[in-house]
Amino acid sequence: MSGSAVVEAEPPFAGAGGNVVAARSAIWDSIRGCGPAGMRIDKEELRRMILMPEYLRVAMAVSVRVKNWDVGLLAAASVKNRNDDEQAAPEAPIVVFVNSRSGGRHGQAVKVWLQKLMTEDQVFDLSAVKPSDFVQYGLTCLEKLADLGDGRAKTNRGRLRVIVAGGDGTVGWVLGTLAELFVNRRKPVPPTGIIPLGTGNDLSRSFDWGGSFPFAWRSAVKSTLYKAVTGPICRLDSWHVVVVTPDGQSIELPHSLRPMEKYAFGQNQDVDIDGELPEKISCFEGVYYNYLSIGMDAQIAYGFHHARNKKSYLAQGPIVNKLIYSIYSCTQGWFFTPCVHDPGLRGLKNILRLNIKRADYADWEQILVPSRVRAIVVLNLQNYGSGRHPWGHPKPEYLEKRGFVEARMDDGLLEIFGLKQGWHASFVMTQLISARHIAQAAAIKMEIRGGEWNQAYLQMDGEPWKQPIAKDFSTYVVIQRVPFQSLMISGE
């Protein structure tokens, strides 16, 4: 992930009808967030619940700012000697990461309001501070103080909670950084709550934090802080993605992918691939929490994403984005262009071989790609495309007949479904019908090979990219579950 804050990408294609429904849903979510709950919360009482003792929060903030936890230890000693208060440990000390570039003008305003409600030392602007800086320096400073026998530092570290003010991309960035604590056995890992500032906000919806930024946002932010203290903890699966492609191909990587330094191929290795590979290859890896897709929906997202980057005035807010996005999708052959005229508009079965591993099975099983499917989505959450439910809610008899189980975001399974064309997608996203169910899987391997096609489009949690594909050698996309789960705070 680059050092600058993420500019939230548009959610996956929802069809013209689906985007209009999503826009109405966003308005309703904003109105629903205007309740008086936040006004009933006493500010001083809230501060007692979430603020660290001054010497601890100053030490943490200084460590992050200068990127040196030793300096933070000195700052802690200095503040403690000057002002040795005996503040009781807060019920749940909170650190907030704000993407000030999300939500149009709201991101910056939310940051300022949070700093007034809390303190600048516990609110970090992601345009200036990377989450990894906080983990490497700020959190380490707290841990070092605890190791030196500071009981209050130990208690605050153990009770720490995190809030992310941003869209799904920002939340994923922070969750990915906190996952390093699992890897390095630095427990406990702080659970995460959300202030939705993005366009789709499907992660936020999935954990009951709302689908859009409320009109009465100041009281809503106060209410969010209170819920983050009292809310129960849930679990979320995350999925490791490896892309293996012939070397020499020019790929503009999204933020969610990075080059893989070391890898080995074969069963029980880093990448479970046993097919023929060229002498020189490139490997990229990343983690996603919501969805990965290939096909026409990703192509539309890619085109819109780049058009918006070139013409920043298009990014005027979530509702406008959705409407422009639906108009843009109509120009890309999703609705009106005959598939026979352009090989790039034909079904994915022409370039894609799909293999899965079912739960408790070690062997790969090939799954036929339906002939008219032009987009395949691999979904982790129940929400997709601004709160839509394309997998639907199948009846128990249907689940038993297909060998499926009820979809959950912590069950170690992914739902794979297909979209045929724009009209089909529109009916799916307005929830008149369910998507074409393909499989449920504990691991997935996509093998992509060209022919008449020389490129494919993929996207991962709203970040699209154009993937070159060759005729002689395959490109592989392998998806496997991360062996630990992210901890999320429920906003119920």
Side-chain angles (χ1 to χ4, degrees), residues 11-12 162 164 167-183 187-194 200-209 231-243 256-257 270-272 285-293 355-362 376-385 387-394 399 403-417 437-446 458-463 477-492:
V162 168
V164 182
D168 287 345
T170 304
V171 178
W173 183 14
V174 174
L175 290 178
T177 302
L178 294 177
E180 294 298 317
L181 297 173
F182 280 106
V183 175
K187 296 182 179 180
V189 177
T192 301
I194 304 170
N201 298 311
D202 287 308
L203 273 166
S204 178
R205 296 173 195 270
S206 297
F207 292 97
D208 299 305
W209 291 106
I233 306 302
C234 308
R235 294 182 179 272
L236 171 67
D237 288 331
S238 54
W239 297 86
H240 183 237
V241 178
V242 176
V243 179
S256 51
L257 288 178
D270 300 317
V271 187
D272 192 352
E285 66 177 344
V287 173
Y288 81 89
Y289 299 87
N290 188 354
Y291 70 94
L292 180 143
S293 70
N355 292 274
I356 70 168
K357 286 184 180 180
R358 299 188 186 273
D360 302 321
Y361 285 86
I376 286 180
V377 180
V378 181
L379 186 63
N380 184 41
L381 300 181
Q382 297 176 27
N383 288 289
Y384 167 87
R388 310 281 73 80
H389 304 284
W391 186 259
H393 302 281
L399 294 174
F404 295 162
V405 296
E406 185 178 356
R408 301 196 321 270
M409 50 198 165
D410 61 351
D411 58 5
L413 294 173
L414 292 165
E415 284 67 52
I416 309 172
F417 64 86
H437 295 163
I438 296 176
Q440 278 184 322
I444 298 170
K445 177 168 60 179
M446 298 181 185
L458 294 94
Q459 62 173 338
M460 192 163 78
D461 280 355
E463 293 193 52
V477 178
V478 181
I479 307 172
Q480 295 178 299
R481 191 173 74 89
V482 174
F484 44 79
Q485 295 174 309
S486 295
L487 302 179
M488 305 297 295
I489 308 170
S490 172
E492 280 189 318

Aromatic ring pairing F417/W391, orientation class (parallel under 30°, perpendicular over 60°, tilted between): tilted

Report yes or no: does R358 contribute a side-chain atom to a donor-acceptor pair with the main-chain N or O of A439 at less than 3.5 Å? no

Side chains of H437 and P394: closer than 4.5 Å at any heavy-atom pair? yes

Non-hydrogen side-chain atoms of L379 and L414 separated by less than 4.5 Å: no

Under a 4.5 Å cut-off applied to non-hydrogen side-chain atoms, are K445 and V477 in contact? no

Is there a donor-acceptor pair closer than 3.5 Å between any side-chain N or O of Y291 and the backbone N or O of N383? no

Please determine, by modelled atom types, if E285 and H240 share a side-chain donor-acceptor pair under 3.5 angstrom. yes

Under 3.5 Å, side chain of D168 to main-chain N/O of L203, donor-acceptor pair present? yes

Test your reading of the model: is there a side-chain donor-acceptor pair from D237 to the backbone of D411, 3.5 Å cut-off? yes

Is any side-chain heavy atom of F404 closer than 4.5 Å to one of L413? no

Close side-chain approach of E463 and L257, heavy atoms under 4.5 Å: no

Whether N290 side chain and D461 backbone form a donor-acceptor pair below 3.5 Å: no

If you apply the rule side chain to side chain contact (heavy atoms under 4.5 Å, CB included), what do you find for M460 with V243, and how did you get there? CA-CA 12 Å; M460 192 163 78; V243 179; over 6 Å; no

Would you check, one step at a time, whether the test side chain to side chain contact (heavy atoms under 4.5 Å, CB included) holds for Y289 with V171? CA-CA 9 Å; Y289 299 87; V171 178; over 6 Å; no

Any side-chain heavy-atom pair from L236 and F207 closer than 4.5 angstrom? yes

